[in-house]
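Here the structure is laid out as structure tokens; the discussion comes afterwards.
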Amino acid sequence: MLRYILFRILQVIPVLLGTTFLIYFMVFAMPGDPVAAMFGEKVPSEAILDRLREQYNLDQPFFIQYLLYLKGILVGDFGMSFSGEPVSEILARAFPVTIKLAAMAIVLSLVLAIVIGLFSGLRKGKLFDNINLIVGLVFMSIPIFVIAFIAQYGLGLKLGWFSPTVGAGAPTKDLLLPAIVLGVSLYATSMRLTRSSVIDTLNQDFVRTAYAKGLSRGRVIPVHVLRNSLIPTITNTATDFGILMVGATVTEGIFNVPGVGNVLFKAILKGENATVVSFVTVMVLIYLGVNLVVDLLYAVLDPRIRYA
Amino acid sequence: MKRSRMGLGFIALATAGAFALSGCTSGDGSTGNAAGSGEGIITVNATEPQKGLIPADTTEVGGGKVVDALWEGLVYYDAEGATQMGVAESIESDNGTTWTVKLRDDAVFSDGTPVLAKNFVDAWNYAANVDNALGNQYFFSAIAGFSETEPVEELSGLKVIDDHTFTIEATPDFPDRLGYSAYYPLPDVAFEDMEAFGQSPIGNGLYKFASDDAWKHDVEIKLVKNDTYVGPREVANGGIDFKVYASLDAAYTDLLANNLDVLDQIPDTSFAVFQDELGDRAINQAGALMTTLTISENLEHFSGEEGKLRRQALSMAVDREEIIDVIFEGTNIPAKDFTSPIVDGYTEDLTGVENLDFNLEKAKELWAEADKMSPYEGTLEVATNSDGPHQVWIEAVANQWANNLGVTAAPKLYPTFQAFLDDREADTVGGPFRSGWQADYPGAYNYLQPLYYTGASSNHGFYSNKKFDTLLDEAVQEADHDKSVAKLQEAQEILLDEMPSIPLWYQGTTGGHGENVDNVAFGWNSVPIFNEITKK
């Protein structure tokens, strides 16, 4: 088990090198001069532009720029943003907000999805199941920005139940509405996975055996059925978490959440290489980390899975 | 055993969730709502400043309005754009080129140190030195001794006489510009570590940073009333909380919910409804921002006499009123010159102004005449960047040209502003392109020189006309203000005839305020006059 974890952690190194290189190259290859764009229509003299290019290593060839960036990372220096703030501080500010938002969305959607998915599976073909499937389908087919705008306008602005935008420091109560919106978009998939998995498991021999042994329904359903049905849901949730890290850009924009998607979007437009690559690097790390945790959770859910 | 392991999994998940939920719940929610006038903090929308808050390095609006709240220059511009004395007691000259500036002796920085002549001279020398790479360096070119490329430690045109007096050797129109943020003074402490200073600046204006870390990047900048300020202006509120918004739409939503007191720009998605939704809290007035379409002089079919005819034809083939009504919901004003209604000497009666009127017959005639010289073939592409709100009206212009002149016209969209700028600099856009200009100080010269003077910094159309250049030079050297304005008007008439760019409209100032504030007015530069706003 320990060897397996170590191996997985070592795997991260080539993945990181590869992704940072690719991202750095992509931002580098983007058309346009980021330094000139800092000034909009009011372009200063070439001498000033040259000095700024020098400051951000933009006068160097691509490989040198990339190596300088890597060298910085090794000593914990992620570089500077154009507004003169260390990128490490931007990371430390934006990631907690997005992780919090993503975690709230996932907890909300997962709890609902598992409970409702389980009951739906147990009552397959009944009224509850059918209504639930239709509701899930509706949630799945509405684009997230539509849900976001309706929620912001209706629940936030008109009814005043929630704050329509997120204020300074991203307090939990402000994040509730965007978390619900994100949760709604995740809910349907998790619910359907749980439901079909529950239906599958109900037909398995070991469930029949469990009932035959005389175990009560109250023991069979949670311990035997639910537990064995959760693997696909958990796997899917890990993917969701990764998607939320970046995919929340639209929601973060609408609700003014000062999180990863928002910062990254602006940095890409500005061509701020150091910020973009650092953010993507941390995102890759989180994604790999979550996947590792999920792989380890499998062993908890299904003892037949062993890691050597 | 098995059960407990499964339980463990859930507990792990749940704690992770709870940890994330409880983490970083900061205590300060909304600002304290101190009742009574003069104490309340007003909240205002903002964008993240692009650079540290060093006045001469701030070239965009987001940082500009914070800098203007933190500093007071030798002079300032009032709501109408008229020049008023700020830190200066007098600015006088005998010969029109050497100016003696006397400072008030009661002006202080917010850290308590007095504002002295050397604070101006040091700041200007620093900004003018190319090695320091400040964005507004070229603003000091009017001062004797300036070099655009060679590092100059001390400008020969600046001399400290005593603590409260210094002299400037510069062009005669120089005092008009002195309200611009590039010319603000810096306290001595700034030069110890300019980068750190930019993150926590100390000014001499109406407001100061609420604390050393009042700038929470991407979130907010908190200013409070500067109690040490002595000067001509008064502050009617307790401070300004600049809230950074990811989008204007989010800011507008907050305005409707009264989470935001002042919004200085209405998002284009709400143009149609904002006057209804805000009622008498809506603001819609003339602004300083000019939108034009520039066509490079070097483009085939667009140089010389043929180019002039085509530009005039294109200008007359755009129905500005219709686009303003349909797309901008009446929030813009059709252009009648190359400056803006807010500048001194603005008039709608310049010779050649009819070239800016919609005139279908004349347009077709001129286009045909140009075609006789050399027939135009292919597609006329109108370029803009698509990461801003310009695509819709660019399409409308292309459509009008196609319908009115019978040419094939289509938008050409650049994904980012950078890519767009690159092609403009390299002169490879290949058609008319969008350009906009907001003045730094309310003077016509600031609209004409950077854009149309031969070889000027933002002359993206590569326009060059000796007579025009001469008129601008003469206007700058002219000590008599009215004569100077007349020269600039004459220079504009050349532009109206030759059309190096096609003026479209003056972008209106749209904005609004919430129910918790009063006395909201916007200045000449579309920025709210913060110090006069009162919180209920």
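To find a chain, count down the sequence lines: A is the first, B the second, and so on, and within it residues start at 1. What you see is a predicted model, and the numbers here were worked out from it, not measured in a lab.
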Do you know which two heavy atoms are closest between [X] and [Y], and how far apart they sit?
X: A:Thr165; Y: B:Ala250; answer: CG2-O, 3.5 Å
X: A:Gly169; Y: B:Val219; answer: N-CG1, 4.1 Å
X: A:Ala36; Y: B:Leu421; answer: O-CD1, 3.6 Å
X: B:Ala257; Y: A:Pro164; answer: CB-CG, 3.7 Å

Open item on the list: Quick check against the 3.5 Å criterion: does B:Asp422 have a side-chain atom that pairs as donor or acceptor with the backbone of A:Asp33?
Closed with: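 Yes, B:Asp422 side chain to A:Asp33 backbone: donor-acceptor pair under 3.5 Å.
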Task: Exam field: side chain A:Arg93 to backbone B:His217, donor-acceptor pair closer than 3.5 Å - done: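 Here the side-chain-to-backbone pair exists.
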Open item on the list: Taking every non-hydrogen pair under 4.5 Å, which of B:Asp57, B:Leu134, B:Thr416, B:Leu53 racks up the most with chain A?
Closed with: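 Most heavy-atom pairs under 4.5 Å with chain A: B:Leu134.
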TODO: Go through B:Gly436, B:Pro450, B:Ala251 and name the one with the most non-hydrogen pairs under 4.5 angstrom from chain A.
DONE: B:Gly436
Open item on the list: Any heavy-atom pair between the side chains of B:Asn259 and A:Ser163 that's under 4.5 Å?
Closed with: yes
TODO: For the residue pair B:Asn132 and A:Arg51, establish whether any side-chain heavy-atom pair is separated by less than 4.5 Å.
DONE: no
Task: Residue part contacting chain A, namely of B:Glu148, when any heavy atom lies under 4.5 Å - done: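 Both parts, backbone and side chain.
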- [ ] Give a yes or no on whether A:Phe28 atom CZ has more than 12 heavy-atom contacts from other residues, nucleotides or ligands under 6.0 Å away.
- [x] yes
